[in-house]
There are 2 protein chains.
Amino acid sequence: MTAGSTVLVVDDDVQVRRFLRTTLAGHGHATVEAGTIAEAIDAIRRFQPAVVLLDLGLPDGDGLAVLRALPAEQRPPVIVLSARGQEGDKVVALDAGAEDYLTKPFGASELLARIRVVLRRGGGTAATPAILQVGPIRIDQPRHTVTIDGREIHLTPIEFRLLLELARCPGRVLTHRQLLSEVWGPSAVEHTHYLRVHMAALRRKLEADPARPQWLLTEAGVGYRLREPAA
Amino acid sequence: MTAGSTVLVVDDDVQVRRFLRTTLAGHGHATVEAGTIAEAIDAIRRFQPAVVLLDLGLPDGDGLAVLRALPAEQRPPVIVLSARGQEGDKVVALDAGAEDYLTKPFGASELLARIRVVLRRGGGTAATPAILQVGPIRIDQPRHTVTIDGREIHLTPIEFRLLLELARCPGRVLTHRQLLSEVWGPSAVEHTHYLRVHMAALRRKLEADPARPQWLLTEAGVGYRLREPAA
DNA sequence: GCAAGTCTTAACGCGATCTTGATCGAAGCT
DNA sequence: AGCTTCGATCAAGATCGCGTTAAGACTTGC
């Protein structure tokens with residue numbers, strides 16, 4: 001049983017919204033609703049939903065304006081729900097950035113299945129959870145604190161961002177270039193020695209024996225990774 | 001104009017294949033074709049297409065067997081094309097791992113648009129799958145680890161890259177020049193001696209009896225290849 | 001303007017890895 | 001058989017990459 005996700009429903013028809021709300025709620029999804037383009041954009045920024053269900057006929061204009069208003073990287077996947085089933089409409093919407101297009105009327109189980117498809121791709125652009133935990137290491141982004149086995153430790157800004165990058169994909173190796181580019185900016189991809197110094201500092205703070213790291217592992221010649229705790 | 005990608009068409013109807021082939025070719029996509037489940041799986045391994053168009057009614061069984069035969073990480077995105085439009089069929093296919101589901105008959109422009117959708121997610125390029133498996137040897141690129149029968153083994157950077165090159169096209173012989181050029185750079189194509197030393201090291205690590213290799217085979221006078229497991 | 005904390009930069013030691021040369025065996029040719 | 005060629009193996013030296021330390025420059029808050 002997957003945990004439900006937050007779904008933003010954008011439609012000006014209250015009937016449709018209620019139908020979708022109950023359907024989604026019945027399968028463990030939290031819903032947020034919007035009736036106009038402006039509300040939709042605002043809700044995406046505010047709630048960072050995992051999926052957006054978007055009707056095209058909105059009172060303040062074409063629903064695709066929502067897609068154009070936000071760059072693809074900071075936009076949740078959008079499934080268009082439209083009464084119009086013309087092939088041309090679908091092509092326009094898909095090319096505008098929609099992930100899928102369902103023609104009304106559609107069945108609830110198909111909609112739920114298509115939501116599962118975009119959710120399982122997940123990761124990607126979806127916002128990282130506010131609190132990450134990898135083994136004994138817990139990163140609380142809103143509070144900007146890191147605790148290890150419950151004990152709070154102080155990290156410098158760079159150390160925090162390094163650890164955050166690694167914790168977003170536990171087990172995966174991040175290359176030197178990736179880390180440098182994310183933390184110091186794309187112009188710093190050459191300065192691999194930055195990493196050595198700051199990784200050493202990180203290890204001193206969060207490893208029991210910094211000389212034999214258990215979590216912050218080096219992949220020689222490639223990069224670093226945070227060990228994924230056995231499931 | 002985006003560069004076309006390789007598309008695998010899986011359908012037992014020659015008419016359908018020809019229609020899709022010409023449609024796709026007209027939009028810059030190279031096509032590969034398969035008529036059975038076995039052919040499809042083989043073609044995915046061999047050609048690593050960027051997308052698969054999958055018909056469900058194949059002579060040797062349910063087309064969804066293709067999805068079940070390959071783990072999600074080493075499988076290109078699949079768009080199901082089916083004559084059956086029942087909601088239940090769609091849900092089953094989508095939950096089995098398909099990225100999209102089109103009911104025949106469909107329009108060419110919608111199909112092309114939906115192909116563009118899955119391609120833009122994958123970065124457009126037909127990248128090698130993240131996880132490769134050849135016989136008991138499994139290469140996990142994001143984690144940068146190699147396991148053999150589940151046991152993790154440590155490879156040096158050069159060994160890892162050599163094995164990766166070979167595993168990208170199991171069964172095919174890579175010449176000395178190709179391997180040297182890929183791993184050491186184009187200026188090193190003369191130093192065939194490097195290969196002997198590092199291949200020996202690789203065999204020590206992943207062959208049960210390095211003197212009689214089962215997987216890392218020498219093609220005398222030509223190069224090396226990784227044996228393709230019987231399908 | 002001072003002080004604490006943080007980041008950059010350089011130098012050094014160490015272990016892992018790569019290169020290089022020598023030796024041995026197998027296969028093919030004269 | 002003897003020679004030649006190619007591949008496998010081994011070991012030693014050279015090199016590379018990483019961790020560590022510390023000093024100076026910079027930022028930040030008081």
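Naming convention: chains lettered A, B, ... in sequence-line order (proteins, then strands); numbering from 1 in each chain.
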Practice task
Output yes when a side-chain donor or acceptor of A:Gln214 lies under 3.5 Å from a complementary backbone atom of A:Arg212, and no otherwise.
Solution key: yes
Problem - Heavy-atom donor-acceptor pair, A:Glu207 side chain to A:Trp215 backbone, under 3.5 Å - result: yes
Problem - Neighbour count above 12 (heavy atom, 6.0 Å) for B:Arg227 CZ - result: yes
Handout entry: No-hydrogen, no-angle side-chain donor-acceptor test under 3.5 Å, A:Arg196 and A:Thr218
Key = no
Practice task
Answer yes or no: are there more than 12 heavy-atom neighbours, outside A:Arg68 itself, under 6.0 Å from its atom CZ?
Solution key: yes
Fill in the blank from the handout: Residue pairs passing the salt bridge (Lys or Arg N to Asp or Glu O under 4.0 Å) test with at least one member in residues 27-38 of chain A, sequence neighbours excluded, are A:Arg17-A:Glu33, A:Arg21-A:Glu33
Completion exercise
The residue among B:Leu24, B:Asp100, B:Ile79 that forms side chain to side chain contact (heavy atoms under 4.5 Å, CB included) with B:Val51 is B:Ile79
Handout entry: ring-ring contact (aromatic ring centres under 6.0 Å, His included) involving A:His144 - partner list, sequence neighbours excluded
Key = A:Phe160
Hey, can you pull the donor-acceptor pairs under 3.5 Å for the side chains in residues 145-152 of chain B, sequence neighbours left out?
none

Completion exercise
Going 5' to 3' through nucleotides 20-30 of chain C and flagging B where a protein heavy-atom sits under 4.0 Å of the base, S where only the sugar-phosphate is that close, and - otherwise, we get BBB--------
Under 3.5 Å, which N/O atoms of the protein pair with N/O atoms of nucleotides 4-6 of chain C?
unit_1, atom_1, unit_2, atom_2, d
C:dT6, OP1, A:His154, NE2, 2.6

Problem - Partners passing salt bridge (charged side-chain N to carboxylate O under 4.0 Å, His left out) against A:Arg225 (at least two apart in sequence or in another chain) - result: A:Glu219
Completion exercise
Of all heavy-atom pairs linking B:Ala50 and B:Leu119, the shortest is CB-CD2, 3.7 Å
Problem - Distance test, side-chain N/O of A:Trp184 to OP1/OP2 of C:dC7, below 4.0 Å - result: no
Exercise for the section: Give the angle between the helix axes at the two ends of the helix from C:dG1-D:dC30 to C:dT30-D:dA1, taking five base pairs at each end and rounding to 10°. Expected result: 30°
Practice task
Return the residues of residues 173-182 of chain B meeting this criterion: a heavy atom under 4.0 Å from some atom of DNA chain D. Order them by number, or give none.
Solution key: B:His176
Exercise for the section: Figure out the CZ/P separation between A:Arg196 and C:dA10, and round it to whole Å. Expected result: 13 Å
Exercise for the section: Check the distance between D:dC6's C1' and B:Met199's CE and give it to me in whole angstrom. Expected result: 15 Å
Completion exercise
For B:Arg46, the salt bridge (charged side-chain N to carboxylate O under 4.0 Å, His left out) test, sequence neighbours excluded, returns B:Asp42
Problem - Phosphate contact (C:dT8 OP1 or OP2) by A:His198 side-chain N/O below 4.0 Å - result: yes
Problem - B:Arg203 side chain vs B:Ala211 backbone, donor-acceptor pair below 3.5 Å - result: no
Exercise for the section: Give every residue pair that meets the salt bridge (Lys or Arg N to Asp or Glu O under 4.0 Å) criterion with at least one member in residues 153-164 of chain A, sequence neighbours excluded. Expected result: A:Glu159-A:Lys205
Fill in the blank from the handout: What residues 213-225 of chain B contributes to the DNA chain D interface at heavy-atom separation below 4.0 Å is B:Thr218, B:Gly221, B:Tyr224
Problem - Length of the CG-P vector between A:Leu195 and D:dT20, whole Å - result: 14 Å
Problem - Candidates D:dA8, D:dG19, C:dT19 - which lies nearest the side chain of A:Arg203 - result: D:dG19
Handout entry: Nearest-Å distance for atom pair CG/C1', residues B:Asp209 and D:dA8
Key = 13 Å
Practice task
Can you tell me the distance, in whole Å, between the CG atom of A:Leu202 and the P atom of D:dG19?
Solution key: 12 Å
Could you tabulate the donor-acceptor pairs under 3.5 Å formed by side-chain atoms of residues 177-193 of chain B, not counting sequence neighbours?
unit_1, atom_1, unit_2, atom_2, d
B:Gln178, OE1, B:Thr175, N, 3.0
B:His191, ND1, B:Tyr194, OH, 3.0

